Amino acid sequence: MTGNNSEVLIKVVDLHKSFGKLDVLKGVNTEIHRGEVVSLMGPSGGGKSTFLRCLNLLEKPEKGSVFFEGEDITQIKKQKELDKIRQKIGMVFQQFNVFPHLTAMDNITITMTLEKKIPKEQAEKTAMELLEKVGIPDKANEYPGKLSGGQKQRLAIVRAMAMEPDVMLFDEPTSALDPEMVKEVLMVIKQLADSGMTCVIVTHEMGFIKEVSDRILFIDEGTILEEGTPEEIFNNPKSERVKDFLGKVLY
Amino acid sequence: MGPGIIEIFKLYYPIFLKGAVGTLKYAAIAVGFGSILGTIIGFIHLSKNPVLKAVASLYSTVIRGTPLLVQMYIGYYFLPLAIPALNALSREHCVVLTMILNSSAYVSEIIRGGIGSVDIGQTEAARSLGMSAGHTMTRIVLPQALKAILPSLGNEYVSMIKETSLAGTFALYELTYTKTLLANKYLIWQPLFIMAIIYLIMTVVLSGLVRLLERRLSAGDRK
């Protein structure tokens with residue numbers, strides 16, 4: 001566990017985001033520290049995924065700031081600079097979004113060689129080590145069409161890891177998986193979290209949140225309604241809204 | 001009734017074959033150059049600039065919403081008057097230019113649709129990794145979009161083979177023009193059927209090739 005006195009990696013100030021007339025985020029403030037594992041919990045449509053997608057500017061907030069390593073990335077004008085920042089913020093999607101026209105190996109190496117100018121041989125060596133770490137080295141030359149959902153998601157995770165990010169964002173990484181594949185993906189994320197990687201996770205896997213998180217943010221109606229350690233949130237929720245939510249999702 | 005179709009074909013086959021070659025040539029020029037122009041227009045249509053977007057949209061709506069024959073008349077009679085620079089071109093070239101412009105509007109929609117058919121998640125994944133917008137287009141989106149684009153371009157060529165029949169109206173030597181060439185020999189109905197059969201052979205064979213290509217490309221999905 002990381003204390004709150006460690007370095008602030010991401011600082012979010014008064015974040016607002018709306019889609020047309022729908023206000024999804026209505027002023028979110030928080031800090032994420034290096035090495036911390038933060039989970040976002042709350043009802044669907046509450047703004048969890050939108051919040052996550054604002055952290056690497058896949059969504060452009062209308063108002064407020066996102067500081068990454070001290071720099072307000074919402075103020076970056078040059079596309080190239082933003083690309084460099086995004087290399088340091090890995091993201092894993094619900095629908096995997098692996099590149100179907102590239103082999104597992106090329107999925108990992110393409111951005112390394114194109115944008116970081118890492119020599120192909122070196123990139124492939126790194127990729128192979130990563131594939132071994134997540135148990136699919138034998139799939140290196142396969143196209144994603146031949147991989148199971150769990151294997152695709154593990155590939156997507158190491159594809160992001162290959163860019164050597166400072167933080168990993170997980171947007172419901174197991175929601176599109178067959179039930180028997182959920183665990184293999186969660187194990188990989190747990191492994192990452194244990195290794196000291198800063199993680200921000202949106203998931204409905206309550207058992208996993210409880211086990212892996214340093215801190216839980218309960219997000220509803222576009223704001224952080226409550227935050228605390230898993231202990232505090234699960235055993236002693238303050239607001240009725242959180243109690244009600246947990247009552248409904250915990251069997 | 002006069003002589004039959006087969007006798008007429010035997011007698012005049014060089015005229016028909018030259019017409020068929022002309023048809024394939026004009027269709028290739030129209031779709032070939034139309035593809036280059038259409039790709040540019042398609043990308044303009046996809047751009048974020050609202051003015052450029054509207055211009056591209058208007059272009060494709062007007063051209064696809066009016067008959068090619070009317071466009072050819074405009075190209076033949078009006079364009080050289082309106083744009084004096086076009087006087088350097090022959091009237092024939094103005095008709096060919098019209099076909100290129102016509103095809104480009106259809107191709108622009110094919111490009112737009114093809115790129116739109118690629119899941120937005122692919123772009124998001126690439127950008128989240130820090131890949132540039134340019135590389136995301138050339139390395140991630142376009143290779144996947146080609147699966148939809150290439151067969152559609154093939155079909156555009158097949159349609160254009162039929163569309164070029166209108167160019168005979170302006171004395172361009174394509175397959176339908178053979179009817180005019182043979183009319184002075186008092187042959188009215190035989191050339192029509194010969195033309196129809198040749199058109200049919202060309203479109204059926206080429207459509208078959210497009211389907212083959214389509215199957216090849218989608219086979220890649222399963223690999």
Side-chain angles (χ1 to χ4, degrees), chain A residues 49 52-53 55-59 78-103 106-116 141-147 152 155-165 167-171 176, chain B residues 39 42-44 46-50 52-54 110-154 210 212-223:
Chain A
S49 287
L52 202 67
R53 290 162 61 85
L55 297 183
N56 65 354
L57 297 190
L58 275 188
E59 304 292 352
K78 280 194 187 143
Q79 211 34 254
K80 259 214 168 111
E81 267 175 61
L82 184 57
D83 291 342
K84 280 263 180 298
I85 296 285
R86 280 178 171 153
Q87 289 171 14
K88 296 191 209 166
I89 308 177
M91 187 167 206
V92 174
F93 300 84
Q94 182 176 355
Q95 299 297 339
F96 327 134
N97 297 345
V98 288
F99 306 134
H101 62 302
L102 301 176
T103 61
D106 291 342
N107 259 274
I108 300 172
T109 58
I110 186 168
T111 319
M112 301 169 83
T113 51
L114 279 178
E115 310 298 343
K116 279 191 152 181
N141 296 313
E142 298 283 8
Y143 287 86
K146 275 215 172 160
L147 304 185
K152 280 184 203 165
L155 171 61
I157 292 171
V158 291
R159 178 178 67 178
M161 289 302 299
M163 302 304 286
E164 300 182 313
V167 56
M168 287 285 287
L169 313 176
F170 294 91
D171 189 2
Chain B
T39 303
F43 273 98
I44 291 175
L46 287 166
S47 78
K48 288 196 182 111
N49 185 320
L52 289 176
K53 226 179 152 85
I110 291 170
I111 300 287
R112 211 162 67 93
I115 286 172
S117 74
V118 179
D119 181 14
I120 183 73
Q122 293 289 309
T123 302
E124 288 185 348
R127 300 312 303 277
S128 80
L129 287 165
M131 197 184 283
S132 69
H135 282 145
T136 300
M137 183 50 76
T138 57
R139 301 305 189 91
I140 305 298
V141 177
L142 265 186
Q144 296 183 60
L146 280 182
K147 273 182 194 169
I149 290 172
L150 287 180
S152 303
L153 282 184
V210 171
L212 214 66
L213 173 75
E214 212 165 9
R215 220 173 305 151
R216 268 270 176 89
L217 288 172
S218 65
D221 287 338
R222 269 172 266 123
K223 120 175 121 167

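No experiment lies behind these values; they were computed from the predicted model shown. Quick note on labels: first sequence line is chain A, next is B, and so on, each numbered from 1.
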**Message:** Restricting to side-chain contact (heavy atoms from CB on, under 4.5 Å), what partner residues turn up for Ala133(B), sequence neighbours left out?
**Reply:**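 Ala133(B) satisfies side-chain contact (heavy atoms from CB on, under 4.5 Å) with Arg127(B) once adjacent residues are dropped.
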
Straight-line distance of [X] [atom1] to [Y] [atom2], nearest 0.5 Å:
X: Ile110(A); Y: Leu129(B); atom1: CD1; atom2: CG; result: 10.0 Å
X: Met163(A); Y: Ser128(B); atom1: CE; atom2: OG; result: 9.5 Å
X: Asp171(A); Y: Glu124(B); atom1: CG; atom2: CD; result: 9.0 Å

Toward chain B, the part of [X] with a non-hydrogen atom under 4.5 Å:
X: Phe99(A); result: both
X: Arg159(A); result: both
X: Gln95(A); result: neither
X: Leu102(A); result: side chain
X: Val98(A); result: backbone
X: Leu58(A); result: side chain

**Prompt:** Between the side chain of Glu115(A) and the main-chain N/O of Ser132(B), is any donor-acceptor distance below 3.5 Å?
**Reply:**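 Judged by distance alone, yes, a pair lies under 3.5 Å.
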
Would the number of heavy atoms belonging to other residues, nucleotides or ligands and lying under 6.0 Å from [atom1] of [X] be above 12?
X: Gln79(A); atom1: CD; result: yes
X: Arg139(B); atom1: CZ; result: no
X: Lys53(B); atom1: NZ; result: yes

**Request:** Specify which of Gln87(A), Lys116(A), Gln94(A), Met91(A) makes the most heavy-atom pairs with chain B at under 4.5 Å.
**Result:**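 Between Gln87(A), Lys116(A), Gln94(A), Met91(A), the count favours Gln87(A).
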
**Prompt:** Taking only heavy atoms into account, what residues of residues 112-123 of chain B are found under 4.5 Å from chain A?
**Reply:**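 Heavy-atom contacts from residues 112-123 of chain B to chain A are Asp119(B), Gly121(B), Gln122(B).
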
